[in-house]
Amino acid sequence: MTAKMRATVFHGVNDIRVEEVERPNAGVGEAVIRVTLTTICGTDLHIVRGEYPVKPDLIIGHEPVGVIEELGPGVAGYQVGDRVLVGAITPCGQCRACLSGHRSQCGHGDGYEAIGGWRFGNTIDGAQAEYLRVPYAQANLAKIPKELSDEQVVLLADIASTGFSGAESAGIKIGDSVVVFAQGPIGLCATAGAKLMGATLIIGVDGDSNRLAMSRRMGADVTLDFREVYVAAEVKRLTEGGADVAIEALGTESTFEGALRSLRPGGTLSSLGVYSGKLQIPYDAFAAGLGDHRIVTTLCPGGKERMRRLMEVVRSGRVDLTPLLTHTFPLDRIEEGYRIFGERREGVLKVAIKP
Ligand SMILES: NC(=O)c1ccc[n+]([C@@H]2O[C@H](COP(=O)([O-])OP(=O)(O)OC[C@H]3O[C@@H](n4cnc5c(N)ncnc54)[C@H](O)[C@@H]3O)[C@@H](O)[C@H]2O)c1
Ligand SMILES: [Zn+2]
Ligand SMILES: [Zn+2]
């Protein structure tokens, strides 16, 4: 008889259930971890609502912290019982994309679809379960320093890696002015990332007073409520001509355009949002193409070295992400967590799930 475990299974649109499924085993180059903490991502909401298709019967979730339960052949330097953090994106470290430095696009050139590095809860079983099989374990198991708790590191797997990368991809320089459009979990981490990179004027934009308050806590010097002010004009006034960097962390045409209009000539728009439909840019928002603007996009960086660095950021006290974990549920009550997170009730920012 094969061993069983509890897991959050996607059956179809608006139909996820925690149920008993087969426990995974570790094949060559793989590991199985016992998940001790995970969380729900906005992308999981897109999946549940049918806005991002995944195959039925898939276990969802992509933000795992756990303990190594089983190591497959060919994985060296780890022991059963080691505490590990695994990024949402699991690069193989060996394909053309990985070896070209585009680890999040792992698999490109080998017949995989775009964003091939995102596997958990997308193309293979994910983390909202008692156990998780980790592919390419050698490249993806990051040992957790013993002084760090699961709660301190769980958000590094996805939202912090993504949010910080928005600031890194923009190439923020010491003394830069930065505006961040949207202060959801991703935008809040972009705000923290801008501060880490050395920005000296950080402007957080949202329409939710709780989130604007958290924005200041995460490093914003000024916050703007987009319902009350015309943000681009206000940014131009505050920065005397436009921000050096605008980070888009929502994924709508209006915030993309607002970000572009907030930039000074030569400024960089760093886009993190996931868009749908058409994205149109009025010519005057970017000087008809002659403003020396840079537009960059980034998919969440993963892999064990990325996770190690992010854990050092936390260990050194440069950033504390635990205030973003506003709710905790056991795995069996994850649907309640999905409801609160999805309806953005009770001041929720991130929901921790304990299998
Ligand atoms: N690039 C990546 O790798 C990656 C990874 C994960 C998520 N994402 C994407 O990042 C985006 C943000 O994710 P999230 O979980 O933080 O989102 P969220 O839905 O939790 O938060 C969005 C925030 O935007 C605010 N908002 C709404 N309209 C606004 C406006 N006009 N101006 C400013 N703020 C506004 C809301 O009040 C809310 O606080 C999504 O598109 C998500 O799919 C990207
Ligand atoms: Zn995610
Ligand atoms: Zn690869």
Side-chain angles (χ1 to χ4, degrees), residues 38-47 51-52 60-63 87-110 112 115-122 126-127 135-136 139-140 155 157-166 169 179-191 203-212 214-215 223-229 231-232 247-259 262 270-276 296-303 324 341-344 347-351:
T38 184
T39 167
I40 305 173
C41 176
T43 308
D44 297 322
L45 293 176
H46 291 304
I47 291 173
E51 295 154 3
Y52 182 91
I60 55 177
H62 50 260
E63 300 160 281
I89 304 291
T90 46
C92 74
Q94 302 180 27
C95 73
R96 174 171 154 187
C98 283
L99 293 173
S100 302
H102 303 295
R103 283 175 292 279
S104 301
Q105 307 301 333
C106 174
H108 268 192
D110 292 323
Y112 284 75
I115 59 172
W118 174 33
R119 297 183 167 93
F120 289 139
N122 180 26
Y136 310 113
N140 286 292
L155 299 182
D158 184 1
I159 65 156
S161 187
T162 302
F164 292 178
S165 77
S169 296
V179 56
V180 186
F181 281 78
Q183 295 292 284
I186 300 276
L188 287 167
C189 289
T191 296
I203 305 167
V205 183
D206 206 286
D208 175 322
S209 50
N210 264 330
R211 292 179 175 208
L212 290 173
M214 188 58 80
S215 174
T223 54
L224 298 177
D225 187 329
F226 71 87
R227 297 165 310 177
E228 288 168 6
V229 294
V231 174
I247 300 177
E248 200 287 346
L250 182 60
T252 66
E253 190 172 88
S254 92
T255 43
F256 190 93
E257 182 179 332
S262 299
S270 176
S271 169
L272 292 173
V274 177
Y275 304 86
S276 55
V296 293
T297 67
T298 317
L299 172 61
C300 174
L324 302 186
F341 186 60
E343 292 164 18
R344 238 184 259 158
V348 69
L349 277 165
K350 287 291 276 185
V351 176

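Counting starts at 1 for both ligands and their atoms, following the listed order.
- Side-chain atoms of T252 and T255 include a donor-acceptor pair closer than 3.5 Å.
- Near T298, the atoms of ligand 1 lying under 4.0 angstrom from a non-hydrogen atom of the residue are 1 (N), 2 (C), 3 (O).
- When I186, T43, I159 are checked for heavy-atom proximity to atom 10 (O) of ligand 1, I186 turns out nearest.
- Residue-ligand proximity, R344 to ligand 1, at heavy-atom distances under 4.0 Å covers atoms 19 (O), 36 (C), 37 (O), 38 (C).
- Within ligand 1, the atoms closer than 4.0 Å to a non-hydrogen atom of L250 are 11 (C), 22 (C), 24 (O), 26 (N), 27 (C), 28 (N), 29 (C), 35 (C), 40 (C), 41 (O), numbered from 1 in the order shown.
- Comparing K350, R211, E51 by heavy-atom distance to atom 18 (P) of ligand 1, the nearest is R211.
- Close approach to L299 involves these atoms of ligand 1, each under 4.0 Å from a residue heavy atom: 3 (O).
- The ligand atoms of ligand 1 that sit less than 4.0 angstrom from a heavy atom of T162 are 1 (N), 2 (C), 3 (O), 4 (C), 5 (C).
- Put simply, the angle at the Zn ion (ligand 3) from SG in C106 to SG in C92 is close to 100°, to the nearest 10°.
- Which of S169, G184, A249 comes nearest to atom 12 (C) of ligand 1 through a heavy atom is settled by distance: it is A249.
- The Zn ion (ligand 2) forms the vertex of an angle spanning OD2 of D158 and SG of C41; to the nearest 10 degrees it equals 120°.
- Between atom 24 (O) of ligand 1 and the options A182, S161, G207, the minimum heavy-atom separation is to A182.
- The Zn ion (ligand 2) has no N, O or S atom of D44 under 2.8 Å away, backbone or side chain.
- Heavy-atom proximity to L272, at under 4.0 Å, picks out these atoms of ligand 1: 1 (N), 2 (C), 4 (C), 8 (N), 9 (C), 10 (O), 44 (C).
- Using a 4.0 Å cut-off to heavy atoms of T255, the atoms of ligand 1 that qualify are 30 (C), 31 (N), 32 (N).
- For the Zn ion (ligand 2), the set of nearby N, O or S atoms under 2.8 Å includes none belonging to C300.
- For atom 32 (N) of ligand 1, the candidate residues are W118, F226, F341; the nearest heavy-atom contact is made by F226.
- Annotation: atom 42 (C) of ligand 1 to nearest protein heavy atom, V274 CG2, 4.1 Å.
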